[in-house]
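A short worksheet on the structure shown next.
Every chain is numbered from 1 and lettered A, B, ... according to where its sequence line falls, protein lines coming before strand lines.
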Amino acid sequence: MAEQRYDPTSIEPKWQQLWEREHTWQVSNDPGADGAEPKSYVLEMLPYPSGEPHVGHLKNYALGDAIAHFHRRRGERVLHPMGYDAFGLPAENNAIKTGVHPRVATDRSIAAYRHWFHRWGISIDWSRELGTHEPSYYRWTQWIFLRLYERGLAYRKEAAVKWCPFDQTVLANEQVIDGRCERCGHEVELRQLEQWFFRITDYADRLLDDLDAIDWPENVKAMQRNWIGRSEGAEVTFRCQDADPAHPVDYPVFTTRPDTLFGVTFFVLAPEHPDVLKLVAGTEHEAAVHEYVNRALTESAETRGAADKPKTGVPLGRTVINPVNGEQTPMFVADYVLMEYGTGAVMGVPAHDQRDYEFATAFGLPIRPVVAPGGAEDPDVSAAAFTAHTDDERLINSGAFSGMDAVAGREAIVGWLQEQGAGHSSVNFRLRDWLISRQRYWGCPIPMIYCDTHGLVPVPDADLPVRLPEIEDYQPRGRSPLAAAEDWVNTTCPRCGGPARRETDTMDTFVDSSWYYLRYCDARNDTAPWDREVLGRWMPVDTYIGGIEHAILHLMYSRFVVKALADMDLLDVQEPFRQLFTQGMILGADGNKMSSSKGNVVAPSEIVERFGADAARCYVMFMGPLEQDAAWADTGVEGVYRFLSRLWRLGEGLAGAPGEAGQPAAPEGDALTLVRKANWTIDKVTADVAGRWSFNTAIAAVMELVNEVYRHPEADDGARRFAVATAASLVFPFAPHLGSEVYEMLTGRRVWTEPWPDADPAMLVAETFELVCQVNGRVRDRVDAPSGAPGEELEALCRASTGVRAHLDGHEVVKVVVVPDKLVNLVVR
RNA sequence: GCGGCGGUGGUGGAAUGGUAGACACGGCGGCCUCAAAAGCCGCUGUCCUUCGGGACGUGUGGGUUCGAAUCCCACCCGCCGUACCA
């Protein structure tokens, strides 16, 4: 007889075809008559279709699939859909290079992704598939834009914006990394342009506060908190009278340290501050200030932003009045003050702020300490003083406030300012509004029209979608390529019918992906983006899985959009993603990030062809903790393949009399050992998958069970069959084809219709256990002891063991610690 | 600076105050074979050993505890995020 071998190339297509034919993973929006099954919405971040999927995708979707399968078999109605984030720059840049329409290249990639998701056996409800570039989808992206516009949450304004000279488009703050374009790495420039924004800053407080209510990794929450950057402090008004005594001008500043107001010795405006040039017009300082401002404005964000750069600036020859003591304080312009944060003006307190200290030192300005430990009169004003803080910080040199505790002093000073009308407590955020317009072709058109008579007019809902026109030339030229599509641009005003022009910018693709998980709930609705009631049956996403790189951008934008839609009474959740899981990266075998230039890229297609989808999937789950980065090892896949082969061969050897794979009634000897091990495995895998997402140890447990079956070839077939069927059942979420195959061989049934097994509590305990015998906390022996034996009995067994007796000689036992069913520790002197 | 995470065999990792190193890779030995592949079985933290066992061992130094990889304090190193944010 020829030896049978595990052959994934015949097993896997068989099950894939069956699942496709029977739409096995399709789920209805109708919960059914009883409606008793709890829902579970399991979602992996949708892919950007480019070329073919890589191993990171394999891990992402294998991971989510295991969760989806597990929940289904625990009796939940699971929504597990798929779509494509199809608009975006890479396809467009490729079009510029090759002349191939971005839609053609994108659809080709989508086909490849779809193919591989089938080939990997991912359990997707394909009836809800979508692409964000389809008019049936982006129609509703535009619809959402219009709703935001109506609420005043989408608006146009001119602002200094980040411009990528290579991609020829503006970028959101979040898309600028270290002063460079997130996509192409080119240094960004600042440009004064009129652009579309979403008013995400209106939601800053809620975006911050609601983080406490969601089950997300701490580092992601921390990153979002950081990005939102809430600072509590005060706004304080400094008045400038000497520029034009008849018309004094007030300059408010934001400070987190109002308690240091008496320590202000200078006052600084950002180079971009609109009043800088006005203040020096016609004075001896004008030339120097002009030169300084021009240099600052042309400097790249990266150079200017360097924190270790020495402080520079020039005096304005003007003064402002410090409201707390009436002092005339000299004004400067300096590039360490940023126009985009606070008011673009800063009060300089060199004794209590590192940057102000550096500036004061460079310009010979006085340094006046106003807070000191214990109220000391002559405190340290060196740089070291910034980091040394004590519990007892008191105000000094602060007029009537001197002697007060710093915290109380802060409140007192703000209260006084408020009475004088010179300030008030205030909260400042780092978060800026979301710049969403892009001067590029391959995106969702912004549904707005410019009419000569009526100005900005929204496209009526009935006219949606505003379709992306066909164009010949994708080359960006500082304005949207859409502007060249004259037939499309020229339209009529929806209000008066007069000649009008369309908005030619497209939306940031993060707008497309900020709501796709809502559309899945009701993906084929063509009268509305979703039915609110249907949405209510699925949202929020219970488990969201993706890479950490979206910690800020996508996840913050989605949270904003959901909150805005909730405020419009269009849906009923405040947060889109209840639980978030961020998976670690798969690195190349050399431990580096995979990249074609390093030649360390692992193509999942090759792995799947050589070892099968199940082995590939199991391996990426087995590599280590899912949230951790891990380096690829070919030998690791082989090891997992070996394990699956062993399981398959066991199933093959036992197949023949299906239907008898339940737990044997009264197993003994080897059979009992196997039945116990199987139940232990059920318990372990269930806890590892449900409780702590520890898939590597779950798979290891099934390996142990398989090894145990090999170790007991003489056990009766009933017990072996039970153990092997259990292994197949438990491995199914990770290796769905093999799990299905082996389970069917043994039982004739489909494993995914079987409920997730429950461990038999009676089989989780044995009549004896290995008692660990310790002396002074060190293991000296191990003996068999009856389970549930009383402490005295365990102590006696421990004292009697040879290993312990050798260490008891001539010593007095002063204490005995007994851990039932585990160990005895004798403490001796 | 600030915030988050981590440091365990040759390697990936396991161990949520109770047997450190599960499982897997790699390595060594054996069986099967004419041979190989595949497969199966055994050994594999370090050092010492009279072969019974013993000592040491989870970044470093302290502490708490009968007992610490795990908790506490201090420090060293690494990774990730963020930063002239007033």
query = How close or far is atom C1' of B/A24 from atom CG of A/L644, stated in whole angstroms?
reply = 13 Å
Minimum-distance nucleotide (side-chain atoms of A/K311 versus B/C85, B/C84, B/G18) = B/C84
ask   = What distance, rounded to whole Å, do you find between the two C1' atoms, one in B/G54 and one in B/U60?
value = 27 Å
request  = Establish, from distance only, whether the side-chain atoms of A/S694 and A/R692 form a donor-acceptor pair under 3.5 Å.
outcome  = yes
key: Side chain of A/R780 (C-beta onward), nearest among B/C23, B/A86, B/A55   = B/A55
ask   = Within the structure, does a side-chain N or O atom of A/R355 lie under 4.0 Å from either OP1 or OP2 of B/C85?
value = yes
ask   = Does A/Q628 have a side-chain nitrogen or oxygen under 4.0 Å from the phosphate oxygens OP1 or OP2 of B/G13?
value = yes
request  = Could you check which of B/C66, B/A86, B/G4 has an atom nearest any side-chain atom of A/V346?
outcome  = B/A86
query = For B/A24, does OP1 or OP2 lie under 4.0 Å from any side-chain N or O of A/N707?
reply = yes
query = Start at the 5' end of RNA chain B and walk down; is the nucleotide closest to A/A631 or to A/A222 reached first?
reply = A/A222
task = Find which nucleotide of RNA chain B each of A/L826 and A/T635 is nearest to by heavy atoms, and output the residue with the more 5' nucleotide.
result = A/T635
ask   = Considering only side-chain heavy atoms of A/Y336, which listed nucleotide, B/A24, B/G67, B/C84, is closest?
value = B/C84
message = Apply the syn/anti split at 90° from 0 to B/G4 and say which one it is.
response = anti
message = Is B/G9 syn or anti, taking syn as a glycosidic angle within 90° of 0?
response = syn
inquiry  = Closest approach to the side chain of A/S231, judged atom by atom: which nucleotide of B/A86, B/C84, B/A15 is it?
reply    = B/A86
query = Counting side-chain heavy atoms from CB outward, which of B/A22, B/G39, B/A24 is closest to A/E704?
reply = B/A22
inquiry  = Starting the side chain at C-beta, find the nucleotide from B/G81, B/C84, B/C40 nearest to A/Y710.
reply    = B/C40
key: C1' spacing across the pair B/C25 / B/G17, given as an integer number of angstrom   = 31 Å
task = For the pair A/R711 and A/E708, find out whether any cationic side-chain nitrogen is under 4.0 Å from an anionic carboxylate oxygen.
result = yes
Short side-chain N/O contact from A/N696 to OP1 or OP2 of B/A14, under 4.0 Å = yes
request  = For nucleotides B/U46 and B/G10, find the distance between their P atoms and express it as a whole number of Å.
outcome  = 7 Å
task = Select base, sugar-phosphate, or nothing to describe what A/V779 touches, counting heavy atoms under 4.0 Å on all strands.
result = sugar-phosphate
ask   = What integer number of Å spans the P atoms of B/C79 and B/A74?
value = 23 Å
task = Using only side-chain N and O atoms of A/R649, determine if any of them is under 4.0 Å from OP1 or OP2 of B/C40.
result = yes
request  = Find out whether the Lys NZ or Arg CZ of A/K311 is both under 6.0 angstrom from the six-membered ring centre of A/Y336 and within 45° of the ring's axis.
outcome  = yes
ask   = Which of these, A/V371, A/L261, A/D259, sits in a side-chain contact (heavy atoms from CB on, under 4.5 Å) with A/R410?
value = A/D259
query = Looking at B/G81, B/U82, B/A14, which one has an atom nearest to any side-chain atom of A/P625?
reply = B/A14
ask   = For residues A/D275 and A/Y251, is any side-chain donor paired with an opposing acceptor at under 3.5 Å?
value = yes
task = Please tell me which of the listed nucleotides, B/C84, B/C40, B/G3, lies nearest to the side chain of A/N226?
result = B/G3
task = Measure the distance from CZ on A/R778 to C1' on B/C66 and round it to the nearest whole Å.
result = 14 Å
ask   = Given B/C25, B/C23, B/C40, which nucleotide is nearest the side-chain atoms of A/F622?
value = B/C23
ask   = Just by distance, with hydrogens left out, do A/T697 and A/D688 show a side-chain donor and acceptor under 3.5 Å apart?
value = yes
Residue matched to B/A74 through Watson-Crick or wobble contacts both under 3.5 angstrom = B/U60
task = Would you mind reading off the distance between A/M347 atom CE and B/C85 atom C1', rounded to a whole angstrom?
result = 15 Å
